[in-house]
Amino acid sequence: MDMYTVPNPPTPWCPPGLEYLTEVDQLLIKQKVELVEALVGFESNNKYEVQNSMGQNVFYAVEENDCLSRQCCGPIRAFTIRVLDNFGHEVITVTRPLKCMSCLFPCCLQELEVQAPPGNTVGYVIQQWHPFLPKFTIQNEKREPVLKVQGPFCGWNCLPDIEFEIMTMDEVNKIGKISKQWSGLLREAFTDSDNFGVQFPMDLDVRMKAVMIGACFLIDFMFFESNN
């Protein structure tokens, strides 16, 4: 190698099955409408499609838990969401324990763990206490803070599109966002099925991109999942 040649930086380790995430800077996460849930209000396991900017399916996500938890605990229920590739292989596992949600009690803060592949933790989404704003810290596998996520002050129903900003730890630079997108009056009124867009830097560590997908699920359950 020439002494003046600068070698390329090593590529961060990419969990198997997530290679495609190295090539994208945005994803669309669409919750599938369940007919029974829409008609009779019987809460079913959430199902999602993860698409690229051209509307092509990249991953599928399925929630796992029992019927009693869904009906009795509603949006605060513990869950495991398994993210599958187009071949049916599980590439990401997202888990949240059962915790009460209250802005008045800092002891009841939400936490979510992301594994990729299953059994290998790559990061966490940790709710930060604030009396008025939804705030989260994105941590790596060593529980070191990496990024922050902050939502708006306004009530959720007054905005057609609701943005949660992804920021650096000093909260100075905005590097991306998680957007809850308006999906139509009838769908909003009669179902809790939501669409989310997530944008992040192309060169963001692919493991943190996987954690951002998990953050979308947590935000959906915390703020947009109706309690039937």
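Because the structure is predicted, anything quoted here is derived from the model rather than measured.
- The cluster map of Ile, Leu, Val, Met, Phe, Trp and Tyr, joined by side-chain heavy atoms under 4.5 Å apart, puts I92 and Y60 in different clusters.
- When all heavy atoms of V211 and I138 are compared, the closest pair comes out as CG1-CG2, 3.7 Å.
- Listed by chain and number, the residues in a side-chain hydrogen bond (donor to acceptor under 3.5 Å, both in side chains) with Q115 are E113 (sequence neighbours excluded).
- With rounding to the nearest 0.5 angstrom, the OG atom of S53 is 7.5 Å from the CG atom of D25.
- A distance-only check finds no donor-acceptor pair linking the side chain of N57 to the backbone of F59 [under 3.5 Å].
- Taking all atoms of both residues into account, the shortest heavy-atom contact from L21 to A210 is CD1-N, 4.4 Å.
- In this view, Q199 and Q26, K177 satisfy the side-chain contact (heavy atoms from CB on, under 4.5 Å) rule, not counting sequence neighbours.
- By the side-chain hydrogen bond (donor to acceptor under 3.5 Å, both in side chains) test, Q128 pairs with T137, sequence neighbours left out.
- F164 and F224 have perpendicular rings, their planes meeting at more than 60° on a 0 to 90° scale where under 30° would count as parallel.
- The side-chain contact (heavy atoms from CB on, under 4.5 Å) test applied to N52 returns Y20, M54, Q56, V58, not counting sequence neighbours.
- Summarising the geometry, atom CD belonging to Q31 is positioned 8.0 Å from atom CZ belonging to F196; distances are rounded to the nearest 0.5 Å.
- By the side-chain contact (heavy atoms from CB on, under 4.5 Å) test, T22 is found to be paired with C14, V206, residues two or more places apart in sequence or in another chain being considered.
- Closest approach of A116 and P15 over heavy atoms only: O-CB, 3.4 Å.
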Self-check item: Chi angles and distances behind the salt bridge (Lys or Arg N to Asp or Glu O under 4.0 Å) call for E63, R96
Solution: CA-CA 11 Å; E63 175 194 358; R96 181 185 75 163; over 6 Å; no
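- Atoms CD1 and NZ, from I162 and K180 in turn, are 5.5 Å apart once rounded to the nearest 0.5 Å.
- Residues passing the side-chain hydrogen bond (donor to acceptor under 3.5 Å, both in side chains) test with R82 are E64, E90, sequence neighbours excluded.
- Hydrophobic cluster membership is shared by F217 and F223, with clusters built from Ile, Leu, Val, Met, Phe, Trp and Tyr side chains linked at under 4.5 angstrom.
- With sequence neighbours excluded, no residue forms a ring pair (Phe, Tyr, Trp, His ring centres under 6.0 Å) with Y124.
- One hydrophobic cluster, built from ILVMFWY side chains closer than 4.5 Å, cannot hold both V122 and L84; they sit in different ones.
- Distance check: Q51 CD to N195 CG gives 8.5 Å after rounding to the nearest 0.5 Å.
- Put simply, CD on E49 and NZ on K30 are 6.5 Å apart, with the number rounded to the nearest 0.5 Å.
- L204 is linked by a side-chain contact (heavy atoms from CB on, under 4.5 Å) to L147, F200, P201, M208, K209, counting only residues two or more places apart in sequence or in another chain.
- Rounded to the nearest 0.5 Å, atoms CD1 (I213) and CG (L18) are 7.5 Å apart.
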Exercise. Would you check, one step at a time, whether the test side-chain contact (heavy atoms from CB on, under 4.5 Å) holds for V94 with L112?
Key: CA-CA 7 Å; V94 179; L112 179 142; 3.4 Å; yes
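- Residue pairs that meet the salt bridge (Lys or Arg N to Asp or Glu O under 4.0 Å) test with at least one member in residues 51-62, sequence neighbours left out, do not exist here.
- Nearest heavy-atom pair, C216 versus I178, reported as atom, atom and distance to 0.1 Å: SG-CG2, 3.6 Å.
- Residues V172 and T168 approach most closely at N-OG1, 3.8 Å, considering heavy atoms.
- Here E23 pairs with nothing under the side-chain hydrogen bond (donor to acceptor under 3.5 Å, both in side chains) rule; sequence neighbours left out.
- Nearest heavy atoms, A61 versus I81: CB-CG2, 3.8 Å.
- Remark: F136 pairs with no residue by the ring pair (Phe, Tyr, Trp, His ring centres under 6.0 Å) rule, at least two apart or across chains.
- Applying the salt bridge (Lys or Arg N to Asp or Glu O under 4.0 Å) test to every pair with at least one member in residues 117-145, sequence neighbours left out, gives these pairs: E111-R143, K135-E171.
- Remark: aromatic rings of F221 and F79 are close, center separation under 6.0 Å.
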